[in-house]
Asker: 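First the structure, then my questions, so here it is.
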Amino acid sequence: MTMVEANERTDVVGRRADGSRPASLVAAFRDATCLPGLRTWLREQLAPADALLDAELVCTELVTNAVEHAGGPRRVRVTVLDRVRMRIEVDDAGAGAPLTVGESRLGAHRGRGLTIVNAVAHWGVRRTRTGKTVWATLELA
């Protein structure tokens with residue numbers, strides 16, 4: 001994972017101790033080896049908030065989907081928006097079929113990840129000139 005930006009640790013509700021702008025991380029990635037670093041960053045920002053597990057799950061799912069289903073370049077952005085919301089965005093070069101909750105082109109035993117994301121976050125897909133951005137917003141409180 002290549003760190004482009006990562007600012008200081010925040011308190012449990014997502015504000016830095018000095019009250020300045022919320023924490024954010026932007027990272028380019030090629031494969032799923034970025035996930036341990038991403039999870040560590042989330043733990044530093046949110047621990048021990050209940051939202052930590054949901055945030056780890058959503059980040060893991062969206063990054064993994066980009067690796068398995070789309071080409072690069074890929075980038076993940078995580079931002080603690082305010083005291084109650086976090087936004088996760090994953091860019092990739094894939095412009096394939098629309099994402100469908102509960103379905104996977106990789107077989108019957110796949111496709112459950114977005115079902116879980118759908119249960120814990122508000123999410124969607126935004127098409128871009130170079131592919132797409134899959135985003136999710138989670139409640140922190």
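In this chain, numbering begins with 1 at the start of the sequence shown. These numbers were taken from a predicted model, which means no experiment stands behind them.
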Asker: Are Val63 and Leu38 packed together at the side-chain level, in the sense that at least one heavy-atom pair is separated by less than 4.5 angstrom?
Answerer: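 In short, these two side chains touch, coming nearer than 4.5 Å.
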Asker: Determine the minimum heavy-atom distance between Gly94 and Arg127, stating which atoms define it.
Answerer: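 Where Gly94 meets Arg127 most closely, the heavy atoms are O-NH1, 4.1 Å.
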Asker: Any side-chain heavy-atom pair from Arg43 and Leu52 closer than 4.5 angstrom?
Answerer: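 Heavy-atom side-chain distance check passes, below 4.5 Å.
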Asker: Looking only at heavy atoms, which two atoms of Ser24 and Thr79 are closest? And how far apart?
Answerer: CB-OG1, 3.9 Å
Asker: Write down the atom of Ala136, the atom of Leu62, and the distance for their closest heavy-atom approach.
Answerer: CB-CD1, 4.2 Å
Asker: Nearest 0.5 Å please: distance from the CD atom of Glu68 over to the CG atom of Asp92.
Answerer: 12.5 Å
Asker: What distance separates His122 NE2 from Arg87 CZ, expressed to the nearest 0.5 Å?
Answerer: 8.0 Å
Asker: Tell me the closest heavy-atom pair linking Val125 and Trp135, and the distance in Å.
Answerer: N-NE1, 3.7 Å
Asker: Can you tell if the side chain of Glu139 reaches within under 4.5 Å of the side chain of Met86, non-hydrogen atoms only?
Answerer: no
Asker: Contact between Ile116 and Glu61 at the side-chain level, heavy atoms closer than 4.5 Å - yes or no?
Answerer: no
Asker: To the closest 0.5 Å, what do you measure between CD1 (Ile88) and OG1 (Thr137)?
Answerer: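 These two atoms lie 8.5 Å from each other.
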Asker: Are the side chains of Asn118 and Trp123 in touch, meaning some heavy atoms are under 4.5 Å apart?
Answerer: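 When only atoms from C-beta onward are counted, Trp123 and Asn118 do touch, with a gap below 4.5 Å.
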Asker: State, with a plain yes or no, whether a side-chain heavy atom of Thr133 is found less than 4.5 Å away from one of Val90.
Answerer: no
Asker: Quick check: closest heavy atoms across Ala55 and Leu138, and the distance to 0.1 Å?
Answerer: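 Shortest heavy-atom contact: N-CD2, 3.6 Å.
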Asker: Would you give the length of the straight line joining atom CG of Leu35 to atom OG1 of Thr40, rounded to the nearest 0.5 angstrom?
Answerer: 10.5 Å
Asker: Side-chain contact test, heavy atoms from C-beta onward, threshold under 4.5 Å: evaluate it for Val134 versus Asn65 and give yes or no.
Answerer: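 They are not in contact (no side-chain heavy atoms under 4.5 Å apart), so the answer is no.
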Asker: Would you check, one step at a time, whether the test salt bridge (Lys or Arg N to Asp or Glu O under 4.0 Å) holds for Glu89 with Arg75?
Answerer: CA-CA 8 Å; Glu89 298 174 293; Arg75 180 170 298 221; over 6 Å; no
Asker: Which pair of non-hydrogen atoms, one from Val76 and one from Phe29, has the smallest distance, and what is that distance?
Answerer: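 Answer, listing the atom of Val76 first, then Phe29: N-CE2, 3.8 Å.
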Asker: For Asp91, check salt bridge (Lys or Arg N to Asp or Glu O under 4.0 Å) against everything at least two apart and list the hits.
Answerer: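 Asp91: salt bridge (Lys or Arg N to Asp or Glu O under 4.0 Å) contacts with Arg77.
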Asker: Just to verify, what does Arg129 make a side chain to side chain donor-acceptor pair (under 3.5 Å) with, not counting sequence neighbours?
Answerer: none
